Student: 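Got a structure for you, written out below as structure tokens; questions coming shortly.
Because the structure is predicted, anything quoted here is derived from the model rather than measured. All heavy atoms count here, side chains included; hydrogens, waters and symmetry mates do not.
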Amino acid sequence: MFSNQSIPNPYGLTVFGSSIIRVEPDVVVITFAVQRIDPQTGKAFAAARDAAAEIQKYLHKFDNADVRTSQVTLRQHTVYRNGEHEIIGYQANVGFNVILRDLFRLTEMLNGVIELGANNIGSIDFQTTRLKGLRSQARIQAVEAAVEKAQVYCSAAHRILGDVVHIEDVNPDTLRGNEGHVQSEVPMDTDGEILPFSADSIVVKGAVRIAFAFAD
């Protein structure tokens, strides 16, 4: 008679809570490389080293940047002709990884390194140094949202909310399409107010499932 019942363990109340926090980035990580091609390995090495040295000298003017470079690497450079790969020279590569803390100088830095010979921009990744604290805040807000929801359900059902019997951490990135209240692209604060945000803002999310007993 009750074979279609969808509550496998009807001992209390299980609810889901989530939180979305958006924060402006305060650091940007840039990866780029100097690549030089020449039929002779020595000339390819020298050209890459010389350009990399000029770029390193230029990056010293950015006091709020951390710069790391790779060793010079070399590989064959080929082109595909007449159904086969033909070696036309050697490509020397020097990679750069830069952490810049003054985002207003990003354009200046990129223009400078490109003018000095950087010819492979790998990635520009905006990040925040507050990520650990923001994750904790999002998880706390997710728990608060779950408790508030549980209290609403109990009030409507004329029951008294009891102790927490189970807490399950949920990866919020796996919930798109599964939980109705995390589908919106518009971020909301804890009061549900729609807030504006920039395209570069960083999303930090928290999600949890909590099971409660009934006190009565």
Student: Considering the options Leu110, Leu103, Asp102, which one meets the side-chain contact (heavy atoms from CB on, under 4.5 Å) requirement together with Leu106?
Tutor: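 The option that passes is Leu110.
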
Student: Work out which heavy atom in Arg22 is nearest to a heavy atom in Ser201; give both atom names and the distance.
Tutor: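 For Arg22 and Ser201, the tightest heavy-atom pair comes out as NH1-OG, 2.9 Å.
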
Student: Restricting to non-hydrogen atoms, name the atom on Phe212 and the atom on Gly162 that form the minimum distance, rounded to 0.1 Å.
Tutor: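 Closest approach of Phe212 to Gly162, heavy atoms only: CD2-O, 3.9 Å.
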
Student: Nearest 0.5 angstrom please: Ile99 CD1 to Arg68 CZ, how far?
Tutor: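 Between Ile99 CD1 and Arg68 CZ, I get 7.5 Å after rounding to 0.5 Å.
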
Student: Would you sort out whether His85 and Val79 count as a side chain to side chain contact (heavy atoms under 4.5 Å, CB included), showing the intermediate values?
Tutor: CA-CA 5 Å; His85 292 280; Val79 295; over 6 Å; no

Student: Looking at Asn111, I want to see if its CG is surrounded by more than 12 non-hydrogen atoms of other residues, nucleotides or ligands under 6.0 Å.
Tutor: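 Enclosed.
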
Student: Once you round to the nearest 0.5 Å, how far does CG of Leu161 lie from CG of Leu13?
Tutor: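 If we round to the nearest 0.5 Å, Leu161:CG and Leu13:CG are 6.5 Å apart.
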
Student: Looking only at side-chain N and O atoms, does Asn119 offer a donor or acceptor that is under 3.5 Å from a partner on Gln35?
Tutor: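 Short answer, no.
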
Student: Kindly indicate whether the side chain of Cys154, heavy atoms from C-beta on, has any atom under 4.5 Å from the side chain of Ile160.
Tutor: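 Heavy-atom side-chain distance check fails, nothing below 4.5 Å.
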
Student: Considering only heavy atoms from C-beta outward, does the side chain of Tyr90 approach that of His77 to under 4.5 Å?
Tutor: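 Not in contact.
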
Student: For a quick test of reading the model, state the closest non-hydrogen atom pair linking Ala145 to Ser18 and the distance between them.
Tutor: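 Looking at all heavy atoms of both residues, the closest pair is CB-O, 3.9 Å.
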
Student: Nearest 0.5 Å, please: how far is CG in Leu134 from CD1 in Ile21?
Tutor: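 With rounding to 0.5 Å, CD1 (Ile21) is 6.0 Å from CG (Leu134).
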
Student: Has the side chain of Thr31 got a donor or acceptor atom that lies under 3.5 Å from a matching backbone atom of Ser123?
Tutor: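 A pair under 3.5 Å: yes.
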
Student: Can you tell whether the side chains of Arg101 and Asp66 come within less than 4.0 Å, N to carboxylate O?
Tutor: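 Here Arg101 pairs with Asp66 in a salt bridge, since their nearest N and O are under 4.0 Å apart.
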
Student: Mind checking whether Thr128 and Leu131 have side chains closer than 4.5 Å, heavy atoms only?
Tutor: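 Yes, at least one pair of side-chain atoms sits under 4.5 Å.
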
Student: Any idea which heavy atoms bring Lys205 and Ala138 closest together, and the distance?
Tutor: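 Closest approach of Lys205 to Ala138, heavy atoms only: C-CB, 3.8 Å.
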
Student: For residues Ile140 and Ile20: do they belong to one hydrophobic cluster (side chain heavy atoms under 4.5 Å, members Ile, Leu, Val, Met, Phe, Trp, Tyr)?
Tutor: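 Shared cluster, no.
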
Student: Side chains of Asp169 and Val208: closer than 4.5 Å at any heavy-atom pair?
Tutor: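 No, side chains not in contact.
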
Student: Taking side chain as C-beta onward, heavy atoms only, is Leu74 less than 4.5 Å from Thr41?
Tutor: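 Side chain of Leu74 against side chain of Thr41, heavy atoms only: contact under 4.5 Å found.
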
Student: Under the salt bridge (charged side-chain N to carboxylate O under 4.0 Å, His left out) test, which residues partner Arg75, sequence neighbours left out?
Tutor: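 Arg75: no salt bridge (charged side-chain N to carboxylate O under 4.0 Å, His left out) contacts found.
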
Student: Can you sort out the partners of Glu108 under salt bridge (charged side-chain N to carboxylate O under 4.0 Å, His left out), two or more places apart, ordered by chain and number?
Tutor: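 So Glu108 forms a salt bridge (charged side-chain N to carboxylate O under 4.0 Å, His left out) with Lys61, Arg105.
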
Student: In Å, rounded to the nearest 0.5 Å, how long is the span from CD1 of Ile124 to CZ of Phe32?
Tutor: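 Here the rounded value is 10.5 Å.
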
Student: Short question: side chain of Thr78, backbone of Ile87 - any donor-acceptor pair under 3.5 Å?
Tutor: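 Checking the backbone N and O of Ile87 against the side chain of Thr78, no donor-acceptor pair under 3.5 Å is found.
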
Student: If we ignore hydrogens and angles and just use 3.5 Å, is the side chain of Lys149 paired with the main-chain N or O of Phe16 as donor and acceptor?
Tutor: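 Yes: the side chain of Lys149 pairs with the backbone of Phe16.
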
Student: Is the shortest heavy-atom distance from the side chain of Leu59 to the side chain of Phe96 under 4.5 Å?
Tutor: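 Yes - at least one pair of side-chain heavy atoms lies under 4.5 Å apart.
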
Student: Should Ile202 and Val28 be counted in the same cluster of Ile, Leu, Val, Met, Phe, Trp and Tyr side chains packed under 4.5 Å apart?
Tutor: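 No; tracing contacts between hydrophobic side chains, which count when under 4.5 Å, never links both residues.
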
Student: With side chain to side chain contact (heavy atoms under 4.5 Å, CB included) as the criterion, how do Asn97 and Val29 come out once you've worked through the C-alpha distance, each side chain's angles and the decisive distance to 0.1 Å?
Tutor: CA-CA 7 Å; Asn97 184 282; Val29 181; 4.0 Å; yes

Student: Heavy-atom distance under 4.5 Å between the side chains of Ile30 and Met109, does that happen here?
Tutor: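 Side chain of Ile30 against side chain of Met109, heavy atoms only: contact under 4.5 Å found.
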
Student: Ignoring hydrogens and geometry beyond distance, is a side-chain donor-acceptor pair present between Asp125 and Gln127 at under 3.5 Å?
Tutor: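 Judged by distance alone, the side chains do pair up.
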
Student: side-chain hydrogen bond (donor to acceptor under 3.5 Å, both in side chains) for Thr129 and Asp26? Distances and angles first, verdict last.
Tutor: CA-CA 7 Å; Thr129 57; Asp26 58 10; 2.7 Å; yes

Student: Membership question, hydrophobic clusters at under 4.5 Å side-chain separation (ILVMFWY): are Phe62 and Val98 in the same one?
Tutor: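 Same cluster.
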
Student: I need the minimum non-hydrogen distance between Asn93 and Gly95, along with the two atoms involved.
Tutor: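 In terms of heavy atoms, the two residues are closest at ND2-N, 3.8 Å.
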
Student: Identify whether Val147 and Val165 are in the same connected component of the hydrophobic contact network (ILVMFWY, side-chain heavy atoms under 4.5 Å).
Tutor: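 No, no single cluster joins them.
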
Student: In this structure, would Phe126 and Val113 fall into the same cluster of hydrophobic residues linked by side-chain contacts under 4.5 Å?
Tutor: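 Hydrophobic grouping puts Phe126 with Val113.
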
Student: Decide yes or no on side chain to side chain contact (heavy atoms under 4.5 Å, CB included) for Val34 and Ile55, but give the supporting numbers first.
Tutor: CA-CA 9 Å; Val34 173; Ile55 290 174; 3.4 Å; yes

Student: Of all the heavy-atom pairs spanning Ala44 and Asp38, show the shortest one and how long it is.
Tutor: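 Ala44 and Asp38 have their closest heavy atoms at N-CB, 3.8 Å.
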
Student: Is the number of heavy atoms from other residues, nucleotides or ligands under 6.0 Å of Tyr153 OH greater than 12?
Tutor: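 For Tyr153, atom OH is not crowded (no more than 12 foreign heavy atoms under 6.0 Å).
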
Student: Give, for atom NE2 of His166 and atom CZ of Arg209, the distance between the pair rounded to the nearest 0.5 Å.
Tutor: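 Reported value, rounded in 0.5 Å steps: 9.5 Å.
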
Student: Could you tell me whether Glu86 atom CD has more than 12 heavy atoms of other residues or ligands within 6.0 Å of it?
Tutor: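 Atom CD in Glu86 is crowded, with more than 12 foreign heavy atoms closer than 6.0 Å.
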
Student: So do the side chains of Arg130 and Val23 get within less than 4.5 Å of each other, counting heavy atoms only?
Tutor: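 In contact.
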
